[in-house]
Enquirer: 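Dropping a structure here in structure tokens format, bear with me for questions.
Note on naming: letters A, B, ... go to the chains in the order of the sequence lines (proteins, then strands), and numbering restarts at 1 for each one.
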Protein chains: 2
Amino acid sequence: MAQVSTERPAVRRRAATRERLLDAARTVLAREGIQGASVEHICEQAGFTRGAFYSNFASKDELVLALFDREREQMFTVLRAAADPSSFEGLDTLDAVGVIMDRFLLGQQQDREWYLVHAEFELRGVRDDAVGREFVAASRQVRTDFEAFLTSALEALGRRLTIELSHAATIVMGTYDTALREALLEDRPIDLGLLKGTLPALLLAVTEPVG
Amino acid sequence: MAQVSTERPAVRRRAATRERLLDAARTVLAREGIQGASVEHICEQAGFTRGAFYSNFASKDELVLALFDREREQMFTVLRAAADPSSFEGLDTLDAVGVIMDRFLLGQQQDREWYLVHAEFELRGVRDDAVGREFVAASRQVRTDFEAFLTSALEALGRRLTIELSHAATIVMGTYDTALREALLEDRPIDLGLLKGTLPALLLAVTEPVG
DNA sequence: TGTATCCAATACGTCAATGTATCGAGTATG
DNA sequence: CATACTCGATACATTGACGTATTGGATACA
């Protein structure tokens with residue numbers, strides 16, 4: 001975290017402008033898409049004019065990359081906190097699974113805006129090689145973090161997987177993504193019965209007691 | 001299928017132009033995105049000028065909807081054919097699962113272009129209410145078809161699910177989507193070990209013999 | 001063979017968005 | 001208190017994409 005109060009006021013102000021522009025970009029990109037969002041719209045959402053924008057960013061592309069970096073950092077922080085195994089020791093197995101899933105759901109910040117921006121990044125990553133490499137690197141790290149999370153969570157429950165770790169991770173993350181996407185598309189709450197009932201049960205069915 | 005040869009030549013020619021424009025749109029939309037693709041680019045991909053375009057479509061939006069309809073039709077056709085249970089009777093269980101998965105993989109036309117266009121539609125569906133309703137209706141139909149496919153496939157194997165059908169469908173479709181997305185992002189083949197090994201085994205683990 | 005019809009090409013006006021260059025206000029510093 | 005500087009606002013030139021209106025040419029039909 002940056003030591004905000006030790007900076008000079010001018011620097012603080014500039015940083016605040018940048019943040020406001022990034023916040024606005026998140027909202028507007030979610031609403032209009034990366035290509036559809038104009039610099040103008042982002043600026044009026046932030047309460048600035050384009051002058052402020054070009055004083056802080058060289059182009060829309062630069063803004064998008066900066067936003068991606070910021071969101072990625074934040075995602076890692078949340079995921080790493082969720083992966084801390086100290087908090088689900090000694091719980092009954094099914095309760096613990098519930099706790100883990102709750103934390104995962106919270107950690108993923110299942111709000112519409114985040115999903116939309118992330119999907120935009122992803123699509124751009126598949127399409128554009130340069131952006132793609134960056135996105136792939138970030139995605140790999142998320143996956144690595146999630147696999148560590150899964151392993152330590154199961155370990156805390158005294159169990160280990162009987163299928164490949166990467167397969168388990170894909171199944172859980174894929175099911176979560178799809179459930180969230182369908183919920184957003186149909187404008188209804190996410191299917192908790194699937195995420196907190198069926199999916200954990202399924203996962204536990206392919207584990208064995210350790211030792 | 002349209003009865004191409006019974007139409008008058010002028011009508012045939014017009015229809016061919018439309019198809020060429022739709023094909024071009026598929027390619028260009030995959031490359032540049034719905035918002036990023038200009039009518040100009042679509043036309044030069046098709047080998048026409050904008051005059052031809054506006055002679056056949058009122059706007060880019062109309063073209064996009066027409067493309068969506070065409071792709072959806074095609075997807076349904078393939079999925080319904082794959083769901084025909086007559087072809088996997090009497091097979092050994094694991095072999096049959098392999099056949100089913102192969103067919104599903106083929107049916108989903110796992111090429112990059114299709115994935116990108118579909119993802120564009122989906123994103124637009126989440127964002128835009130009007131498009132959203134259409135996309136949701138189409139997605140529901142795909143899901144219904146897939147659930148029917150899954151049920152009849154398992155039935156042909158003499159088994160039935162012990163978990164909710166919709167949950168099983170989400171898990172399988174979600175895993176497939178995610179595996180495909182990761183493969184495209186990392187530019188490598190899709191993980192067949194997951195799709196033809198782990199996932200079917202997992203699914204069979206939550207079924208019971210019928211009767 | 002001549003004519004009518006239809007389709008795609010060309011040319012044009014409009015508009016929105018971009019990025020740059022300049023200006024004015026607020027703030028740090030001596 | 002005065003001056004220099006930085007940041008954000010305003011104004012402007014440029015670009016490119018859209019949709020329309022019109023034209024040229026190919027094909028069907030008498």
Enquirer: Evaluate the criterion side-chain contact (heavy atoms from CB on, under 4.5 Å) for residue pair Ile42(A) and Phe48(A); output intermediate values, then yes/no.
Expert: CA-CA 9 Å; Ile42(A) 294 169; Phe48(A) 290 114; over 6 Å; no
Enquirer: At what distance, to the nearest 0.5 angstrom, does OG1 of Thr175(B) lie from CG of Leu180(B)?
Expert: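 So the gap between those two atoms works out to 12.5 Å.
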Enquirer: Using 4.0 Å as the upper bound for N to carboxylate O, is an ion pair formed by Glu113(B) and Arg31(B)?
Expert: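 Between Glu113(B) and Arg31(B) there is no salt bridge, as every charged N stays at least 4.0 Å from the carboxylate O atoms.
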Enquirer: Which residues in residues 38-46 of chain B have a heavy atom closer than 4.0 Å to any atom of DNA chain D?
Expert: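 Per residue number, the list reads Ser38(B), Val39(B), Glu40(B).
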Enquirer: How many Å lie between CG on Asp61(A) and P on dT18(C), as a whole number?
Expert: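 Distance check: Asp61(A) CG to dT18(C) P gives 11 Å.
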Enquirer: So, are Glu186(B) and Arg140(A) salt-bridged, with charged N and O less than 4.0 Å apart?
Expert: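 Here Glu186(B) pairs with Arg140(A) in a salt bridge, since their nearest N and O are under 4.0 Å apart.
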Enquirer: What is the separation between atom OH on Tyr54(B) and atom C1' on dA11(C), rounded to the nearest whole Å?
Expert: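 It is 15 Å, rounded to the nearest whole Å.
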Enquirer: Are any of the side-chain nitrogens in Arg127(B) or Glu120(A) under 4.0 Å away from the carboxylate oxygens of its partner?
Expert: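 Looking at Glu120(A) together with Arg127(B), the answer is yes, because their closest N to O distance falls below 4.0 Å.
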Enquirer: What integer distance in Å separates Glu32(A):CD from dA16(C):C1'?
Expert: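 Value for this atom pair: 13 Å.
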Enquirer: In whole Å, what is the span from the CZ atom of Phe57(A) to the C1' atom of dC7(D)?
Expert: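 To the nearest whole Å, that distance equals 14 Å.
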Enquirer: Atom pairs under 3.5 Å, N or O on each side, protein against nucleotides 8-10 of chain C: can you list them with distances?
Expert:
from: dA8(C); atom 1: OP1; to: Thr17(B); atom 2: OG1; distance (Å): 2.2
from: dA8(C); atom 1: OP2; to: Asn56(B); atom 2: ND2; distance (Å): 3.2
from: dA9(C); atom 1: OP2; to: Thr49(B); atom 2: N; distance (Å): 2.8
from: dA9(C); atom 1: OP2; to: Thr49(B); atom 2: OG1; distance (Å): 2.8
from: dA9(C); atom 1: O5'; to: Thr49(B); atom 2: OG1; distance (Å): 3.2

Enquirer: For Glu40(A) and Phe53(A), run side-chain contact (heavy atoms from CB on, under 4.5 Å): C-alpha distance rounded to whole Å, both residues' side-chain angles, the deciding distance at 0.1 Å, then the answer.
Expert: CA-CA 9 Å; Glu40(A) 181 76 41; Phe53(A) 180 89; over 6 Å; no
Enquirer: For the pair Lys196(B) and Asp191(B), find out whether any cationic side-chain nitrogen is under 4.0 Å from an anionic carboxylate oxygen.
Expert: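 Salt bridge absent between Lys196(B) and Asp191(B).
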Enquirer: Mind checking whether His118(B) and Phe135(B) have ring centres under 6.0 Å apart?
Expert: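 That pair passes the under 6.0 Å test.
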Enquirer: Are a donor atom and an acceptor atom from the side chains of Thr170(A) and Arg143(A) found within less than 3.5 Å of each other?
Expert: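 On atom types as modelled, these side chains qualify, holding a pair under 3.5 Å.
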Enquirer: Carefully, step by step, assess Arg124(A) and Asp61(A) under the rule salt bridge (Lys or Arg N to Asp or Glu O under 4.0 Å).
Expert: CA-CA 12 Å; Arg124(A) 191 163 162 157; Asp61(A) 273 6; 3.2 Å; yes
Enquirer: Salt bridge or not for Arg72(A) and Asp69(A), using N-O below 4.0 Å?
Expert: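 Yes.
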Enquirer: In which stems does DNA chain C show up, taking only runs of three or more Watson-Crick or G-U wobble pairs whose two distances fall under 3.5 Å?
Expert: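 DNA chain C forms these stems: C:1-30 with D:1-30.
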Enquirer: What is the separation between atom CD on Gln35(A) and atom P on dA17(C), rounded to the nearest whole Å?
Expert: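 That distance rounds to 15 Å.
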